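Bear in mind the structure is a predicted one, so any value in this text is a computation, not a measurement.
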Amino acid sequence: MKKLHFYDLKHTLVNDRDFFQHFLEEITVNVTEMFRDPSYYKAFNQQVVPYLASYQHSKVWCAGCSTGEEAYSLAILLQQAGIRKKSFIYGTDINTECLKEARKGIYSLRKIKSYAENYQMAGLEGSITDHFTLLYDAATIHSELKQNTLFSVHNLVSDSIFNEFQLITCRNVFIYFEIALQEQILELFYKSLAPLGFLCLGAKETIRSDYFRKKFKVINQKENIYQKIGS
């Protein structure tokens, strides 16, 4: 990236699309891991999965999916619950390079081994390596877990509704937004959820707005799992 004075930055961001995309990829935070915060997945398994299992088909939106670990964690969990084939997972992010990695579903063996403890603490069956094909120093997610999964670009701040979902997860994303933007995104999520749909934010984030607290029922206060009220 070429060096710019501050007063040139805005002009270049507005007028140079390639520069804007590169700038975006440089500043976005892409820290993620599989089954991050295992207690969240335990609560999800107990309080959300039975709801999803009651539907003939469910659509899941993993917003801010980064390199795909969270989306694939959900795929594994839904597979163990026997409902993977009747669910469709949309993973979205603003970082195109991260999305390329997510579509590949290939991770270093070192990373997979580091996720093994999360997997066990989440109370899932077998080992995390059961869901990967291992080759030298890399591991590829099984093809059946990649089925019914779509990774695409979506900007939570500027883009609009693109489907109706029974579940939206957006963990470790809100902390990077000020309150006004959080409320804007919550409006997007609320309108994107089907009646009685679930919004999962995780333990590090919560709904702070009194307006939106009235629009969601708290299912799990610790893990910030909510259910939409109204249609």
Side-chain angles (χ1 to χ4, degrees), residues 28-33 35-55 57-66 69-71 73-75 77-78 81 83 87-95 118 121-123 152-231:
T28 50
V29 179
N30 300 302
V31 177
T32 185
E33 60 187 63
F35 298 99
R36 187 177 185 176
D37 303 321
S39 62
Y40 161 79
Y41 285 94
K42 276 190 172 183
F44 180 91
N45 217 2
Q46 294 169 358
Q47 297 176 291
V48 180
V49 167
Y51 164 85
L52 297 178
S54 69
Y55 279 76
H57 184 79
S58 60
K59 292 188 287 293
V60 176
W61 180 10
C62 182
C65 69
S66 188
E69 283 92 332
E70 176 118 7
S73 296
L74 289 171
L77 192 150
L78 296 178
I83 59 174
S87 62
F88 197 102
I89 298 174
Y90 296 82
T92 67
D93 204 276
I94 58 172
N95 191 314
N118 287 351
M121 291 178 65
S152 61
V153 174
H154 185 275
N155 188 322
L156 291 172
V157 175
S158 61
D159 293 339
S160 58
I161 298 167
F162 64 94
N163 216 318
E164 183 180 70
F165 299 94
Q166 282 67 46
L167 166 68
I168 297 175
T169 70
C170 185
R171 300 200 304 136
N172 304 297
V173 175
F174 268 27
I175 55 176
Y176 302 107
F177 295 119
E178 59 184 17
I179 298 298
L181 282 179
Q182 289 184 9
E183 292 188 1
Q184 180 181 324
I185 296 167
L186 281 171
E187 182 70 22
L188 171 67
F189 288 160
Y190 184 81
K191 291 180 177 178
S192 299
L193 281 170
L196 302 180
F198 285 83
L199 174 63
C200 300
L201 298 179
K204 295 180 178 65
E205 296 162 319
T206 187
I207 295 177
R208 295 179 174 85
S209 164
D210 290 337
Y211 174 78
F212 283 103
R213 283 175 182 168
K214 296 175 183 177
K215 288 180 171 288
F216 289 96
K217 175 184 177 182
V218 178
I219 300 300
N220 188 299
Q221 189 168 8
K222 179 184 176 183
E223 302 299 338
N224 290 305
I225 298 175
Y226 304 92
Q227 188 173 30
K228 179 178 179 178
I229 298 172
S231 57

Non-hydrogen atoms of Leu77 and Tyr41 that approach each other most closely: CD1-CD2, 3.7 Å
Considering all heavy atoms, the nearest Gly91-Cys65 contact: C-SG, 3.5 Å
Distance, nearest 0.5 Å, that separates CD of Gln47 from CD1 of Ile219: 7.0 Å
Check: Leu201 and Thr206 side chains under 4.5 Å, non-hydrogen atoms: no
Close side-chain approach of Cys200 to Phe44, heavy-atom, < 4.5 Å: yes
Minimal non-hydrogen separation, Ser58 against Leu52, with atom names: CB-CD2, 4.1 Å
Any donor-acceptor pair under 3.5 Å from Gln227 side chain to Phe198 backbone: no
Side-chain donor/acceptor of Ser54 to backbone N/O of Tyr51, under 3.5 Å: yes
Lys228 side chain vs Leu193 backbone, donor-acceptor pair below 3.5 Å: yes
Pair Phe212 and Tyr226, ring centroids less than 6.0 Å apart: no
All pairs passing salt bridge (charged side-chain N to carboxylate O under 4.0 Å, His left out) where residues 214-226 contributes a residue, at least two apart: none
Lys/Arg N to Asp/Glu carboxylate O, Arg171 vs Glu70, below 4.0 Å: yes
Verdict with supporting geometry, Ile207 and Asn224, side chain to side chain contact (heavy atoms under 4.5 Å, CB included): CA-CA 8 Å; Ile207 295 177; Asn224 290 305; over 6 Å; no
Pairwise distance OG(Ser192) to CD1(Ile185) - rounded to 0.5 angstrom: 11.5 Å
Residues Tyr40 and Ser73: side-chain donor-acceptor under 3.5 angstrom: no
Contacts of Asp210 that satisfy side-chain contact (heavy atoms from CB on, under 4.5 Å) - sequence neighbours left out: Arg213
Interatomic spacing from OG1 in Thr32 to CD in Glu69 - rounded to 0.5 Å: 4.5 Å
Whether Lys59 side chain and Asn163 backbone form a donor-acceptor pair below 3.5 Å: no
Nearest heavy-atom neighbours spanning His154 and Phe162: CD2-CD2, 3.7 Å
Donor + acceptor pair across side chains of Trp61, Thr92 (<3.5 Å): yes
Validation row: Leu199, Phe216 side chains within 4.5 angstrom (heavy atoms): yes
Side-chain donor-acceptor pair present, Ser66, Asp93, cut-off under 3.5 Å: no
Any side-chain heavy-atom pair of Val60 and Gln166 under 4.5 Å: no
Stepwise side chain to side chain contact (heavy atoms under 4.5 Å, CB included) check, Phe189 with Leu156: CA-CA 9 Å; Phe189 288 160; Leu156 291 172; 3.8 Å; yes
Taking every non-hydrogen atom, the tightest pair across Ala71 and Ile89: O-CD1, 3.8 Å
Glu205-Asn172 side chain donor-acceptor pair, cut-off 3.5 Å: no
Residues that Glu183 engages under salt bridge (charged side-chain N to carboxylate O under 4.0 Å, His left out), provided they are two or more places apart: none
Donor-acceptor pair, side chain of Ser209 and main chain of Tyr211, under 3.5 angstrom: yes
Atom pair CG/CG of Leu78 and Leu167 - distance to nearest 0.5 Å: 8.0 Å
Main-chain N/O of Phe177 paired with Gln182 side-chain donor or acceptor, under 3.5 Å: yes
Shortest non-hydrogen contact from Ala63 toward Val173: O-CG2, 4.1 Å
